[in-house]
Q: 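Input: one structure, supplied below.
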Amino acid sequence: MTGLETKIVQGETIPSLGLGTFELTGPDGEAAIRTAIELGYRQIDTAIRYGNELEVGRAIRESGVPRRELFVTSKIWFNDLAPETVSCRVDEILERLGFDYVDLLLVHWPTRDVPLGETLAAFAEAKAKGKTRLIGVSNFTVALLDEALDVHKAELFCNQVEYHPFLSQQKLLDRMNRAGMLLNAYQPIARGKVFGSDLLNDLGRKYGKSAGQVTLRWLIQQDNVGAIPRSAKPENMKSNRDIFDFELSQHDMAAIHALARGERYSRFDWEPEWD
Ligand SMILES: NC(=O)c1ccc[n+]([C@@H]2O[C@H](COP(=O)([O-])OP(=O)(O)OC[C@H]3O[C@@H](n4cnc5c(N)ncnc54)[C@H](OP(=O)(O)O)[C@@H]3O)[C@@H](O)[C@H]2O)c1
């Protein structure tokens with residue numbers, strides 16, 4: 001054990017590793033989420049957009065693990081960010097999950113259709129009402145974070161962004177570390193592409209691990225960085241989880257950083273101007 005199973009960010013303890021649940025829907029998705037909880041996952045990442053909050057709620061209840069032991073995140077889509085809509089969406093999220101709070105509520109993607117300050121005020125209100133313990137954003141750039149933090153004085157816990165060895169997030173990390181925020185890495189194993197990297201496979205052999213485990217370890221070994229790999233397969237969930245019994249050297253950490261080549265897999269019409 002290397003003591004990195006949890007991160008303490010802004011005084012809050014969060015499991016370093018969570019389960020991404022995109023496409024884990026229906027009975028199979030629900031069973032997969034429950035399996036992950038049985039395998040020890042305590043952070044679950046969902047979103048209205050994933051259409052699986054009912055499944056997430058049921059899987060948690062059926063697991064028998066007390067709600068307070070889990071860290072549950074959901075996200076509101078970018079066309080629902082007007083304040084009155086946010087308020088409705090939060091209630092709907094809680095109704096589908098069957099809980100009276102989420103741990104973290106995120107703006108799924110930024111939009112210019114609603115003033116950011118209004119959205120953040122609505123998120124702060126949801127927090128003040130106890131409907132979410134923490135608030136944050138996803139897919140925010142340095143410029144958007146500057147606006148949220150400096151202009152609107154938002155108390156943001158997290159920015160969930162794409163981050164893996166093929167995409168540097170150093171500029172964003174520098175800004176977020178100044179604010180003491182968590183960077184939760186989505187697509188942390190680059191949708192499986194890390195298994196094709198010679199360097200990551202070589203390091204895997206060196207440490208007796210897989211390329212995926214080396215990648216996840218590289219992420220969570222960085223200050224204020226977590227990761228939410230998704231898998232529907234118990235053997236992959238186990239593999240992704242078993243990253244707390246080895247430590248990458250500083251030399252190997254740097255070698256993985258050097259793989260960055262600006263490769264971004266989440267590309268959309270509505271994306272902001274990336275850093
Ligand atoms: N905020 C956002 O805008 C945003 C965007 C994208 C994703 N996300 C979140 O981030 C999560 C993760 O991203 P992602 O699901 O797109 O990509 P990912 O976690 O990088 O990769 C998932 C893929 O890798 C496979 N996989 C997982 N573990 C493996 C292992 N140990 N060995 C071999 N293959 C493995 C999975 O297949 P198997 O099921 O067969 O294991 C799946 O096809 C999402 O589920 C979602 O919660 C957020």
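The figures that follow rest on heavy atoms only: side chains count, while hydrogens, waters and symmetry mates do not. Residue numbers start at 1 and run along the sequence shown. In each ligand, atom 1 is the first atom listed, and ligand 1 is the first ligand listed.
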Q: What is the closest protein heavy atom to atom 13 (O) of ligand 1, and at what distance does it sit?
A: Gln187 N, 3.2 Å
Q: Considering only heavy atoms, does Asn240 approach ligand 1 within less than 4.0 Å through its side chain, its backbone, both, or neither?
A: side chain
Q: Would you indicate whether the side-chain heavy atoms of Arg175 and Asp146 approach each other to under 4.5 Å?
A: yes
Q: Below 6.0 angstrom between ring centroids: does that apply to Trp77 and Tyr50?
A: no
Q: At less than 4.0 angstrom from any non-hydrogen atom of Ile228, what atoms of ligand 1 do you find?
A: 9 (C), 10 (O), 11 (C), 12 (C)
Q: Any luck finding a side-chain donor-acceptor pair between Glu53 and Ser74 under 3.5 Å?
A: yes
Q: Is there a donor-acceptor contact under 3.5 Å linking the side chains of Tyr163 and Asn184?
A: no
Q: Do Tyr265 and Glu263 have side-chain N/O donor and acceptor atoms under 3.5 Å apart?
A: yes
Q: Tell me whether Ile189 has any N or O atom under 3.5 angstrom from an N or O of ligand 1.
A: yes
Q: Which value, rounded to the nearest 0.5 Å, describes the distance between Lys7 atom NZ and Ile220 atom CD1?
A: 5.5 Å
Q: So which protein heavy atom does atom 10 (O) of ligand 1 come closest to, and at what separation?
A: Tyr186 CB, 3.2 Å
Q: Looking at His108, which atoms of ligand 1 are within less than 4.0 Å of one of its heavy atoms?
A: 1 (N), 2 (C), 3 (O)
Q: For atom 15 (O) of ligand 1, what's the nearest protein heavy atom and its distance?
A: Arg230 NE, 2.6 Å
Q: At a 4.0 Å threshold, what atoms of ligand 1 neighbour a non-hydrogen atom of Pro229?
A: 19 (O)
Q: Could you pull out, from Lys75, Gln160, Arg191, the option with a heavy atom nearest to atom 48 (C) of ligand 1?
A: Gln160
Q: Report yes or no: do Asn52 and Glu30 form a side-chain donor-acceptor pair below 3.5 Å?
A: no
Q: Got a second to check how far Gln160's CD is from Gln187's CD, nearest 0.5 Å?
A: 10.0 Å
Q: Per the side chain to side chain donor-acceptor pair (under 3.5 Å) rule, which among Gln221, Lys206, His257, Arg217 passes with Asp252?
A: Lys206
Q: Can you report which non-hydrogen protein atom sits closest to atom 46 (C) of ligand 1, along with the distance?
A: Tyr50 OH, 3.3 Å
Q: Which heavy atom of the protein is the closest neighbour of atom 40 (O) of ligand 1, given with residue, atom name and distance?
A: Lys233 NZ, 2.9 Å
Q: Considering only the protein, which heavy-atom contact is closest to atom 44 (C) of ligand 1, and what is its distance?
A: Phe22 CB, 3.7 Å
Q: Among all the protein's non-hydrogen atoms, which is closest to atom 32 (N) of ligand 1, and how far away is it?
A: Phe195 CZ, 3.2 Å
Q: Please say whether Ala232 places an N or O atom under 3.5 Å from an N or O atom belonging to ligand 1.
A: yes
Q: Quick one: look at Pro188 and ligand 1, take heavy-atom pairs under 4.0 Å, and tell me if it's side chain, backbone, both or neither.
A: both
Q: Is the shortest N/O to N/O distance between Asn139 and ligand 1 below 3.5 Å?
A: yes
Q: What residue and atom, counting heavy atoms only, is the protein's closest point to atom 47 (O) of ligand 1, and at what distance?
A: Asp45 OD2, 2.7 Å
Q: Could you check whether Trp109 and Phe140 have their ring centres less than 6.0 Å apart?
A: no
Q: Ignoring hydrogens, what is the shortest heavy-atom contact between Thr35 and Met237? Give both atom names and the distance.
A: CG2-SD, 4.1 Å
Q: Output the list of atoms in ligand 1 that are nearer than 4.0 Å to some heavy atom of Ala190, sorted by atom number.
A: 20 (O)
Q: For ligand 1, which atoms, with element, lie under 4.0 Å from some heavy atom of Trp109?
A: 3 (O)
Q: Heavy-atom pairs closer than 4.0 Å: do any link ligand 1 to the side chain of Tyr265, the backbone, both, or neither?
A: neither
Q: At what distance, to the nearest 0.5 angstrom, does CZ of Arg42 lie from CD1 of Ile14?
A: 14.0 Å
